Amino acid sequence: MLDLKNKNIVKIIFTAPGTEGISLAPAEDFVYASSVLENTVFKIDTKTLQVVQTGTTDRSPVRVLVTPDGQRLVINNSADGTVQVFDAASMTLIKRIKVGRQPIGIVVPDNHRAYVANMRDNTVSVIDLDKLEVMQDISTGKKPDGLAFIPAAH
């Protein structure tokens, strides 16, 4: 944890080797982190700065994102071609969803959809988070990775 105002380290929170994905819950009470080497997702209490729960993921969880309502985690597993949806409170798996090969980039703009860039298929999978299934795959250029969601202007 960094203190950006004073530019110093407040605390180092040990999770596992290869911790890469980090996401703050909307209520700012928990941070979630994923380890691509240990296939684990960690729930960290922002008040105590302690790991309070863990969950086991598929292979190589590159990113973990919290839905805007804070209820679920969306995790892309690049080695297995899956996206996993976890219950954020209990850290238990709700559903494993098969997507394309090597899902890397991910964005969760609302509680109903997630978009996952499948690097080795040159597609983006659109996931319906209500039905917990892929709605469609969108063709892209070569090796899609980072994604951003920009709402339509009103």
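These numbers were taken from a predicted model, which means no experiment stands behind them. Quick note: residue numbers are just sequence positions, from 1.
Across all their heavy atoms, Ser125 and Val134 have their closest contact at CB-CG1, 4.3 Å. The heavy-atom pair separating Thr82 from Pro103 by the smallest distance is O-CG, 3.9 Å. The two residues Ala114 and Val74 come nearest to each other via the heavy atoms CB-CG1, 4.2 Å.
Each salt bridge (charged side-chain N to carboxylate O under 4.0 Å, His left out) pair with one or both residues in residues 100-124, not counting sequence neighbours, appears once here: Arg101-Asp121, Asp110-Arg113. Listed by first and then second residue, the salt bridge (charged side-chain N to carboxylate O under 4.0 Å, His left out) pairs involving residues 52-66 are Glu20-Arg63, Asp58-Arg96, Arg59-Asp80 (not counting sequence neighbours). Among pairs with a residue in residues 82-95, none fulfils salt bridge (charged side-chain N to carboxylate O under 4.0 Å, His left out), at least two apart in sequence or across chains. Among pairs with a residue in residues 67-76, none fulfils salt bridge (charged side-chain N to carboxylate O under 4.0 Å, His left out), at least two apart in sequence or across chains.
Residues Val64 and Phe14 do not share a hydrophobic cluster, defined by chaining ILVMFWY side chains whose heavy atoms lie under 4.5 Å apart.
With side-chain heavy atoms closer than 4.5 Å counting as contact, directly or through intermediates, Ile150 stands alone and belongs to no larger hydrophobic cluster.
Crowding of Lys7 atom NZ: a count of heavy atoms from other residues, nucleotides or ligands under 6.0 Å not exceeding 12. Residue Lys131 qualifies as open at atom NZ: its count of foreign heavy atoms under 6.0 Å is 12 or below.
With 3.5 Å as the limit, one finds no donor-acceptor pair spanning the side chains of Ser60 and Asn39.
No donor-acceptor pair under 3.5 Å is formed between the side chain of Asn77 and the backbone N or O of Ala79.
Remark: Ile22 engages Val31, Ala33 in a side-chain contact (heavy atoms from CB on, under 4.5 Å) (not counting sequence neighbours).
Here OH of Tyr32 is found 6.5 Å from CE of Met91. Values are rounded to the nearest 0.5 Å. Residue Ile138 holds its CD1 atom at 9.5 Å from OG1 of Thr140, rounded to the nearest 0.5 Å. Between the CE atom of Met119 and the CD1 atom of Ile104 there is a distance of 5.0 Å, given to the nearest 0.5 Å.
Cation-pi contact between Lys43 and Phe30: present, with separation from the ring centre below 6.0 Å and deviation from the ring axis of at most 45°.
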